[in-house]
Amino acid sequence: MSASENNREIRYNPQAIEAKWQGLWDREKTFRATEDPHREKFYCLVMFPYPSGRIHMGHVRNYAIGDVIARHQRMLGKNVLNPMGWDAFGMPAENAARKQNSHPGTWTYANIAHMRQELKSMGLAYDWERELATCDSDYARWEQVLFLKLFTKGLIYRKNSLVNWDPVDATVLANEQVIDGRGWRSGALVERRELSQWFMRITAYADELLDGLDHLPDWPATVRTMQNHWIGRSHGLEFSFALEGLAETLPVYTTRPDTLMGVTFCSIAAEHPLARKVAGNNPDAALFIRECQKSGTSEEAMERLEKKGFDTGFKAIHPLTGEKIPVYIANFVLMSYGTGAVMAVPAHDQRDFEFARAHQLPIRVVIQPPGQPLEGATLREAWTGPGIMVNSLSFDDLDNETCKVRIIETFTKRGLGSQRTHYRLRDWGISRQRYWGNPIPMIHCPQCGIVPVPEADLPVQLPEQVDLNVQGNPLDHLATFTDVSCPQCHAPARRETDTMDTFMESSWYFLRYCCRDFQDGPLDGVRVNHWMPVDQYIGGIEHAVLHLLYARFFHKALRDEGLVTTDEPFRRLLTQGMVRKDTLSCPNHGWRYPKEVIDKGDGWVCGACHQPIVVGRNEKMSKSKNNVVDPAELIQGYGADTARMFMLFAAPPQQDLEWNDAGVDGAWRFLNRLWRMVQEVLPWLDGVVAATATPDAAELRVLRTKTHETIDKVGRDLERFQFNTAIAAVMELVNAGTRWLAENPLQDAGQPALAVLRELVESAIILLHPLVPHITEELWQSLGHARQLCHQPWPKTDPQALVRGEITIVIQVNGKLRTKINVPTDISQADLESAARNNTTVQSQLQGKTVVKVIVVPGRLVNIVAK
RNA sequence: GCGAAAGUGGCGGAAUUGGUAGACGCCCUGGACUUAGGAUCCAGUGCCUUCGGGUGUGGGGGUUCGAGUCCCCCCUUUCGCACCA
């Protein structure tokens, strides 16, 4: 013992300790997962990162949380799969390559190599043998195979849809590349343009995706609600207006058939066929439509537009009254929802109300709320609530909900229309006009039409030699890529140049992790079905709708292909909040780094121009705002354990986390306190076995109770992901131990005391291990354990130790706290009440009053109500 | 615009089921100690106070013996909105 004691570091040295244990985990492949039918499996998944170059605090938070869960489940005896990989296709690589005149792949793989080292320095318990990058030709190949399967199934098709078009760069822009309606590079005003694109038929699964939310009780309610609204299932009436003097009709869909008699005009989208027809012989209409198209494609941009309309001159004929009503082209009507045309009811729809006022159109009230008669001429805003029908022919005096049903019945009976279900959800556009993505394995043949690339020819590889500094999709300019012969008729044909949305890759990466080395197909059913579903998925709340909905859909589509057996891919979901930090800005120099400002005591000034610095709100850490903290620096300075500790302690995972340098110091100091306490007791614990029963001495009893209360609390807190309170509980335990040590000299401590002490110290170490794995392994080893702590089972509470002899009861008079009393745990309600009544403080409060009522909550409080 | 959340001391947060508001940590104040360390240890720390107590969880109202927690209205902030990932 003495030799190793001499060699042991007395001071906490995270750099040395962390390198030691990380090396060991790597060499021994401690966290390699193997399928084992005899053990309960646990699939822990964190959202894989985009390899942008360096890990950021959001990653650190995400992966620290995932690692705690994985390590905790491991200690609970589960066979844990905890993989990691790279979401490696995407625009940033293309942009970086263009800037540096290199290849996106070179940039991407260099980033992966760097970030892998950064992740390893965090001490994460991954099975690195399952690592994959979605741009690996292997992964891309199997994704193309899946694409063709789904295409054959009819789940992938082509149709026209709108894109953001930069007329100067002649390229499609992502919504994030549209800044204030202009292209980010050219500065040109962005236009909406129609393009033929590939789509996935997610709407075929809309009902199942919606109804399936009810079977995901362990998903945050907020995510389920958001997906529910996103899918937006509604039931309503679909019917067609006849158009005066025209053969064609105008189909509309409404969820408010009850307001039918209040229709005073119709509005159609700028892309509506009827709008095009008008534009054909009316230059003003064409101009208006072009104006409408001078906006981006994002729903937000469309909705925020100033509401504008153009009278087509056409008259629609009301199906029940025969009344002729004008048809407007409106810039706020979406072609992608319903039929692209709406019946407008200004009295009962706010948007229609505003439009009607702007265009002097009649407003006809057909629903009267009880007790406050409305009139179209004096209406201040649309009435969207319930009421009684008026001005509605035979439907008058019905309540509007009944009227809805009646009108649908009437339309159905007369063959005018029918009840229809609509969804806000649109089919998933998967085409991207970009180079750095997975090629869509299709060929356009002038004779045969669209022909899939034969599976034997997969994968379609991205050409290495590429000029990214061209207009539009670089692949369009590469004849070596595009010029092929048709697989069916062998005539000259053209290869599809669209690449896939990167959400495709993230829709099945968790399946490929299960069988990373499988070479006979995309998925090895046996292994995939062994590990699936993911038991715990952890990632940013920003993925609440898109990624999580697409992955659910893709999984169901693969299920129907017989490739997986579970209905849902992710059993439990934890969405973590953002990492934020104060922003510092200077009137002359914009966003400043903390090191670029000077502390004047009463505030900061800019280091360059000495103007006062404006301290902004906490904002999401972002490079553009210079408020990022580099995790690598933090880990180098304090070690991974401190970094993890701070991230987990500063806020519960679901909440946003505010970065605070002083808080990091606090985490660092606690780990040092723990380290010192163990160093202090170490020489005395040699040969001492941890207590298994509670000794008689009162102060030891209290100490052991504290130990087991902590075991109990930490276990429950980890189950509900309250890492911050779990840490607080261990802090309390360590504080209790330290206090005991200060009051009780170790040389006087007997065996029972040392046994309780060892149990306390070891419990603190075990409980903290999933959170701070390196320091706890080191301390565990120094306590004389040969077996690694990560193989140690999670501790169990001793029910005997949890029993307290006395409890504190709160005494209230009229609901206000007056005093507290200590009573035996097993006191009867009657004794408790009289103890409370006889208390001197209570007596003085009750003077001159009559007790009306006494409420006794056993184990908690007594409330005496007096007048 | 639509959708989803969140507001508690000087700060981050705790209060698990309607039952002690402020656990734990940071900051700050005072003290001790020194092998000067990224020190450490001890005490104090919501606000007001005539030291009895009063008051307090964004604001206003309500339910209840009792409300941070439940209900209604309002204010503020953040996130998502289909080609960022």
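Chain identifiers are assigned alphabetically (A, B, ...) following the order of the sequence lines, protein sequences preceding nucleic acid strands; residue numbering begins at 1 within each chain. Quick note: numbers below take in every heavy atom, side chains included, and nothing from hydrogens, waters or symmetry partners.
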A:Trp668: ring-ring contact (aromatic ring centres under 6.0 Å, His included) partners, not counting sequence neighbours
A:Tyr12, A:Tyr638
Need the glycosidic conformation of B:rG52: syn if within 90° of 0, anti if not. Which one?
syn
Wobble G-U and Watson-Crick pairs count when both distances are under 3.5 Å; given that, what is the 5' to 3' dot-bracket string of RNA chain B, with | for pairing to other strands?
(((((((..(((......[....))).(((((.......))))).(((....)))..(((((..]....))))))))))))....
Using a heavy-atom cut-off of 4.0 Å across all strands, would you classify A:Arg860 as base, sugar-phosphate, or nothing?
sugar-phosphate
Test ring-ring contact (aromatic ring centres under 6.0 Å, His included) applied to A:Phe553 - qualifying residues, sequence neighbours left out:
A:Tyr205
ring-ring contact (aromatic ring centres under 6.0 Å, His included) with A:Tyr550: which residues, sequence neighbours excluded?
A:Trp428, A:Phe503
Identify the pairs formed between an N or O of the protein and an N or O of nucleotides 68-74 of chain B at a distance under 3.5 Å, and give each distance.
none

Can you tell me if the side-chain N/O atoms of A:Lys853 get under 4.0 Å from OP1 or OP2 in B:rC65?
yes
Choose from B:rC83, B:rA14, B:rG19 the nucleotide whose nearest atom is closest to any side-chain atom of A:Asn863.
B:rG19
Under a 4.0 Å heavy-atom criterion, the protein footprint on nucleotides 22-39 of chain B, written with B, S and -, is -BBSSS----------B-
Which of these nucleotides, B:rU20, B:rA14, B:rC81, is closest to any side-chain atom of A:Leu546?
B:rC81
Select base, sugar-phosphate, or nothing to describe what A:Asp87 touches, counting heavy atoms under 4.0 Å on all strands.
sugar-phosphate
